[in-house]
Amino acid sequence: MPRRAGLTTRGQAFLGAGLTLIIAGVGLGLRDFTRVGALICLLPLVALLLDRKPLAVRVTREVQPATVEVGEVAYVQVTYVHEGPGTTSLLLATEPVPPDCGASPRATLGALGPGGARALRYAVQPQHRGRRLLGPTMILARDPFGLTARYVPVGRAHELLVVPRTWPLEHVRARGGPTGSEGERPYVISTRGDEDQSVREYRDGDDRRRIHWPATARTGEFMVRHEDRPGRRRAVVILDTRASAFPGPGGTGRAGFEWAVSAATSIVVHLISEGYAVTLVTGGVSIGGEDASGDAITTGDPADAARTFLAHGAIVETSKRPSLSLAIASARAIVTAAALMVLVVGDEPQLAAGDNDDLHELAALRPPGGDCRAIVVRSSNDPVSPTLELLRRAGWAATAAHPSSGIPEAWTAVTRPKMAAGAP
Amino acid sequence: MRWDQSHAGAPVFSAVVATVLAMSTLTPLIDSPRWLVLAFLAVMAVASVGWCLQRMTRSRWLVMLGQLVASSVVLGWLCAGTTLWWGLPTWTTGQRLIDQCRAAGAEVVAGTAPLAASPNLTCALVAVTLGLGIVVHLVAIGYGAPAATGLLLFIPVAAAAANTTGGLSWLSFAAPAGGWLLLLGRDTSSSLARWSTSPALALTPTGTPRSEDQADTGFAARSLSLAIGGIVAALTCAAIIPHLPTRYLLDGLAEGINGSGNGAQVGYSSTLDVGRSLASADSSEVFRYRTTAQSAVPLRVIVATSYEDGVWTRPTPTLGTTARSDVAASVQRSEQTVTVRANTLAAPALATPQPLVGADFKGAAWQIDQATADVYVETRPSDYATTYLALEITPALLRDGVDGIPGDDRLPSNRTVQQSLRLDLASADRIRALTAAVTRGTSNRYDAALAIQHWLRDEGGFSYSLELAAVIPGPTALDPISAFLDSRRGYCVQFASTMIMMARASGIPARMAIGFLPGIWQDGEYAVSSADAHSWPELYFPGAGWVRFEPTPGGNVGSPPAWSVPAATAAPTTAPGPSPSVNPSGSGQPTQPGDQGVEPVDGEGVTEVDVPWVERARLWLTDPWHVALTLLTLVLTGSLILPSTAAIRHRRGHPHGGSDAEREWQRLMSDLADLGVTAPERGTVRQTANHIAAEERLPETTTNSLLTLVDAVERDRYARPTGGQGDRSGELRLAARHVWLTVARGKTWSRRLRAFLAPSVGRLWWREHAHRVTGRGQPDRRPEGGGRWRR
């Protein structure tokens, strides 16, 4: 569907000058003037005539990888195939990409014959998470003398999912479960009965004492007992999405929230890799946990599970709702079974005014002796943080973090509470 | 002032090709194309210099300057080798080149196409090509506007078209058009290359891949087909569209050139070089004609009225379908017919008997010059028939006029007559003195004319010769008429020219007629050949119109017309001897040397004919150059109105009064506002100054100047008057000027020009007065520049 077609300024000028010269040539009886006039008058008209055909260009787009973290590079190849008859005008392709992904690439496709195909390769490096649209390609069809121009958008836009950046975090070092027992919990819950036991192929480095001889005999290859399936300990990660909790003029509040999202997803991914069945609560939405059949989503491939959480992390946004009640409601059902509760919360400035019922309620979700950790994202440099104080008083291992600080450091601070200054 | 990023040589070469192809349209006008080869080499060399400079500097003007220097060197090598100093041009080289170009200009004006490719002409053509090449380079590559070069490249094409009858050949159009489109396409191609940020990869085979993986855009094929299509369509279109008869805007070589290359045509020059020997003795037949009159009359082709630097040129024609008749109704007449066949005279010239009353040009489109009755045809008619008036002109009619009262008042004051009274400046004094001597004793114009003709034919000792006496060139070289009077040797052109000048000196309007003598009587008709080409004077007599005289002696010219043969009683009584002593500087002449300047004998009033000044101004404005000059003067004067108003306003000071400092401050604010520098409305003087200094990033010295002014204004406004400050106006003016200059230097030239041509003070003053005149309300009289007045 052509958006705009017609003569360029140069084409219009040619047409005007040509007509004037033709009139002068005819009036003065000078055919040479008429010739010159006819040339510059006819050129744009002929170009316009040749460019009347609708453009039939099929566009396909491949993006590698399909999902990228913020700051990661994705490589895009756009293929243009001319499917119509005849040869096209000179085609110039501009592929619009969001400004934070880099400059929109431009390429001269040239005149395409029937079945002619061209490819445009470029790289994008998104600086913000979210669904980013690549394309649709805007094609400018023009003649070699720049007299006509026609803009045609071709194909459809491609959606690139940009997930928050995740950081490798320190080992969880569980501080005991809800029962209040001291020390580390056993890493492996031993399986009972053959039906629970699974075997896998022997890999270099496996302990030979774990070779499962009946299976080895049956298959003819070394098989080992697959005993590293951990017990499904549960963890809840609550991300504060209140816009009011991330205040600040301009982008400062935004930076705080982005930091919180990155921290929450990093923690979720880390916990999954540690074998936890994780539930992520953002506002009124909880991801993970158990589905209708009673199985946790995270019981499958940990990589798949992580992808699910990252995809949610890519699109989570702040909410105008100033209350945490939905998050509390979503979390309440899960926390009783959770071995670990992590809260990434903004430092709400109004908290000091006593309007902190939500936070009190949230802090009170901590089961006695439960492993509850909180990271308070602060936008201001105020030395006193009411949120931090409240959480610590409620027994949380809490630390404050600034958007400019490192997420692994913040996690370490709540993981090794003794090292964190002011820990309870 | 920056070149494009692309430094590739292809656009430079395209510009050279386009320039040379455009200039190649002039080749039919020159007899040898050697100059084009030289021009191509020269332009190529200069363009290479430009290309190298382009890589070294980003200033367009430096590149152009370098090319100009290179051009002078190249021209010096080509055309003035002996004047070079170690291969470099000197002052003499410049003068030599200028002289050569001047000489070439004279050759072009005097000659008919095809012109001989003399060294002078070659030099001038190479110089023109170089100039065109440099400007095309600047516009196409320096400014990245190749489309605009079309106008420049059109100049030689238009010049060729204007000087060619029957139009240029198709190749003369296609070549420059192709060159221009090449330039245009090359520019688009390089702009596309700059536009692309990523290469398009070819997934299917392409014609000629530019590199292993990069696709051929198909640009070249596409532009070639569009260019060829456009050129063919233009040629077809121009051939199909019906055109009006040709009107020439300029006097050129067109009428003289054998445009179509058809050897059967005979060219006819609209100009006549009096100083040139008649070398050609071509005897090819031009046409044959039959007449109903008892005696054959010469057929006229062209009338020339203006004589300058030895060259006769025809007046700018006023074409129409009727011509003015100057013959009184009472003159006896009979209509006669001349039937021409096998005409080979190239259009638009046509040989006709005069005065013409009717014609049948067999379908050829024609027009007639209202003033001269010259006929212009669009295409050459092979056969045609004309009817003319055979007038019974008697000496009595010429002597006494129609009503027997001849007089100056009977001379019409039209342009043709006015032009026909102008003397040649170079020979004016001598002609006046000579005429006074020759016509002494004559009492009327007719007798004077007879005396002049008689003197030239018989008494003056002149001899007919196609070979003129050699004239030594140089500043002392005589003009052709004086040279003829000295040598007393010449052919019809010199005789006719001299008679015309002498007649004009006697107050008789006279003009040059160029045409053909009746030729040889063969098979019941007259066969006219090129050798019968002839020129004769036509003198204006009230009532009789333009009357032919015949001052050229010799049998082949034929006898003079009956009315110009003096009756026995009317013969002039006095005539100077044949000796060269008629030269005014000679002795024994009736005129005194002192008389010539103070009281020109008989020649007085020749150019001072009683014409009202309005008419004189109108006549002066008939020349397009004069119109252009007048318009230019008007535009220049008009554009100075606002600046001068502003200057006066500033000098008079502000209406509310004020000191020098206040006046300079207000003026500076107003000038800066014109440059687009404004300050916050309600700021103090110091705030305003600080704002301007910060916004314009003024250097420290300028800021100090500004602060000097601010100090003075503040002291003036707020301090107690002490009266002991002394006159600081000069210092303050310098300070203000310094600030203004620094700010102006940072602005674009267009902004500076606008500030100069349309200062707000001037505009405001005129607007106020316009409002006062139209009676509308007073405009806001807020002082300019944002300053406020406290007094």
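Everything numeric in this text was worked out from a predicted model, so none of it was measured. Every heavy atom of this structure was used, including side-chain atoms; hydrogens, water molecules and symmetry mates were not. Lettering follows sequence order; numbering is per chain, from 1.
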Which atoms of B/Pro242 approach chain A - backbone, side chain, both or neither, heavy atom under 4.5 Å: backbone

Side chain / backbone / both / neither for A/Ile23 at chain B, heavy atoms under 4.5 Å: neither

Residues that A/Ser404 engages under side chain to side chain donor-acceptor pair (under 3.5 Å), provided they are two or more places apart: A/His402

Identify all side-chain donor-acceptor contacts of residues 96-104 of chain A below 3.5 Å with residues at least two apart in sequence or on another chain.
from, atom 1, to, atom 2, distance (Å)
A/Asp100, OD1, A/Arg132, NH1, 2.9
A/Asp100, OD1, A/Arg132, NH2, 2.9
A/Asp100, OD2, A/Gln127, N, 2.9
A/Asp100, OD2, A/His128, N, 3.1
A/Asp100, OD2, A/Arg132, NH1, 2.8
A/Ser104, OG, A/Val97, N, 3.2

Contact leader toward chain B among A/Glu95, A/Arg35, A/Arg10, A/Gln77, where contacts are heavy-atom pairs under 4.5 Å: A/Arg35

Backbone N/O of B/Arg186 and side chain of B/Ser190: donor-acceptor pair under 3.5 Å: yes

Parallel, tilted or perpendicular, as decided by the 30° and 60° cut-offs, for the rings of A/Phe33 and B/Phe154: perpendicular

Contact origin within A/Tyr80 toward chain B - heavy atom pairs under 4.5 Å: neither

B/Ala221, part contacting chain A, at a heavy-atom distance under 4.5 Å: neither

Backbone N/O of A/Ala141 and side chain of A/Ser89: donor-acceptor pair under 3.5 Å: no

Partner chain A: residue of B/Leu226, B/Val157, B/Ile241 with the largest heavy-atom pair count (under 4.5 Å): B/Leu226

Which atoms of A/Leu42 approach chain B - backbone, side chain, both or neither, heavy atom under 4.5 Å: side chain

Per-residue contact mode, A/Leu91 against chain B (heavy atom under 4.5 angstrom): neither

Part of B/Ser169 within contact of chain A (heavy atom distance under 4.5 Å): backbone

